[in-house]
Amino acid sequence: MPADAESVTLAAKALRAGEIVAFATETVYGLGADASNDEAVAKVFKVKGRPGDHPLIVHLLTVDEIDEWAVEISEEARDLAYAFWPGPLTIVFKRSAKASDSVTGGLDTVALRVPSHPVARALLTEFGGAIAAPSANRFGRVSPTSAEAVCEDLGDDIEIVLDGGPSRVGLESTIIDCSGDEITVLRPGGVTLDRIDEVLGYAVSVGGETRAPGTLEAHYAPNARVEIVTARDAPQIARDHLENGRKVALLAPPPVPIGLPTAVGVLEPPETDEEYARVLYDRLRAADHHGIDVVLAVLPVGSGIGVAVVDRLTRAAATK
Ligand code: TXA
Ligand code: MG
């Protein structure tokens, strides 16, 4: 059921009472707690099964609130905030005293994001504070892009899911670290590197320290094993798996490779890179529903949002 004013009011009340709620954002669904309440934040870690030293993103209603949560904000960081917020960018700043260790995992920095989804914004407005929220999935698993996917993963542990329909972007925000001397992209995501370069006026560096769980090599994985293949090799690799008694599915941009065995389940092909991003997690979940053992994934070309799709598929493939 789509979130209405009444359910948003209930969710805001739950946040004030120190409870956790799941809610739609434009990237993926979040599992939120009052960012100023350590006990509430601890519940998020518990339900997700997430290690305590892995920091959360603090979601804000407006750009102006960064001055409450961060210090030593550079001009470039502010330019990025104004260019992309509300939207799928997370910026890492030096933290203010307001950002507690429970949110930052003990780091001296804090990750902030102003989401654009009307449901997330309605919740932030009604709650009147900042919401600490990771993606609403169990640690290491595929992020949810629908209310149904949240319930599947966390339904036993949470009472409120604010349904905002299928996520428009479909994978997580881009994380950019503006806390040090050099600006670095820590995680490719909803805002493309080209658009960031345009705002900065130079090519931003990518990579940096791997101090975030989303930047672990193995992450974002379904139950099925994910194997990255080329369209050309897919039919032979599929045959080998089938001969070994495995259930195989293909996830690939069109066209379906010639010679693909008919026993291979073809997950509905994404026509564009944007669509690949939007449907990726949903297709991986669908593979699990069908009891698939191996998903053969053909990467998108890898520019624009395709960079983030390549990143997530590579991490999913690194898991098993
Ligand atoms: O699109 C998104 O970013 C979604 C929606 C709900 O906003 N959230 C999300 O949260 O993907 P999560 O917790 O699954 O991933 C947040 C990432 C993690 O990799 C975390 O380590 C990183 O942000 N992060 C948080 N605070 C950080 C910090 N101070 N420095 C570096 N990385 C940080
Ligand atoms: Mg996550």
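Read the numbers this way: they start at 1 and go in the same order the structure lists the ligands and their atoms. From a predicted model like this one, the values you see are computed outputs, not experimental measurements.
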Charged N to carboxylate O under 4.0 angstrom, Glu126 versus Lys13?
no
Just verifying a value: how many Å separate His117 NE2 and Tyr29 OH, rounded to the nearest 0.5 Å?
6.0 Å
Establish whether Ile57 and Ile20 are linked, either directly or via other cluster members, by ILVMFWY side-chain heavy-atom contacts under 4.5 Å.
no
With backbone taken as N, CA, C and O and side chain as the heavy atoms from C-beta onward, which portion of Asp177 lies under 4.0 Å from ligand 1: side chain, backbone, both, or neither?
neither
Describe, in one word, how the ring planes of Phe23 and His59 are oriented to each other, choosing from parallel (under 30°), tilted (30 to 60°) and perpendicular (over 60°).
perpendicular
Can you check whether Glu172 has an N/O within less than 3.5 Å of an N/O in ligand 1?
no
Under 4.0 angstrom from ligand 1, any heavy atom of Arg113?
yes
Can you check which of Ala132, Ser135, Ala111, Pro55 brings a heavy atom nearest to atom 20 (C) of ligand 1?
Pro55
List ligand 1 atoms under 4.0 Å from Leu107, heavy atoms only on the residue side.
28 (C), 29 (N), 30 (N)
Does Ser135 bring an N, O or S atom to within less than 2.8 Å of the Mg ion (ligand 2)?
yes
What part of Thr27, side chain, backbone, both or neither, has a heavy atom within less than 4.0 angstrom of ligand 1?
side chain
Would you check, one step at a time, whether the test side-chain contact (heavy atoms from CB on, under 4.5 Å) holds for Ser173 with Leu89?
CA-CA 5 Å; Ser173 60; Leu89 182 74; 5.8 Å; no
Just jot down the ligand 1 atoms closer than 4.0 angstrom to any heavy atom of Ile175, in number order.
17 (C), 22 (C), 23 (O)
Side chain, backbone, both or neither: the part of Thr104 lying under 4.0 Å from ligand 1 by heavy atom:
neither
Heavy-atom check, side chain of Thr27 versus side chain of Pro88, under 4.5 Å
yes
Can you list the atoms of ligand 1 that are under 4.0 Å from a heavy atom of Thr109?
28 (C), 29 (N), 30 (N)
Arg138 atom CZ: more than 12 heavy-atom contacts under 6.0 Å:
yes
Quick check on contacts: which atoms of ligand 1 are under 4.0 angstrom from a heavy atom of Ser173?
1 (O), 2 (C), 3 (O)
Report whether Ile183 and Val199 are members of the same hydrophobic cluster (ILVMFWY, side-chain heavy atoms less than 4.5 Å apart, transitive linking).
yes
Candidates Lys94, Arg95, His59, Arg187; heavy atom nearest atom 7 (O) of ligand 1 found on His59
Could you walk me through whether His54 and Phe139 pass the ring-ring contact (aromatic ring centres under 6.0 Å, His included) check?
CA-CA 10 Å; His54 287 176; Phe139 182 63; 5.5 Å; yes
For ligand 1, is any non-hydrogen atom under 4.0 Å from Arg50's backbone (N, CA, C, O), its side chain (CB onward), both, or neither?
side chain
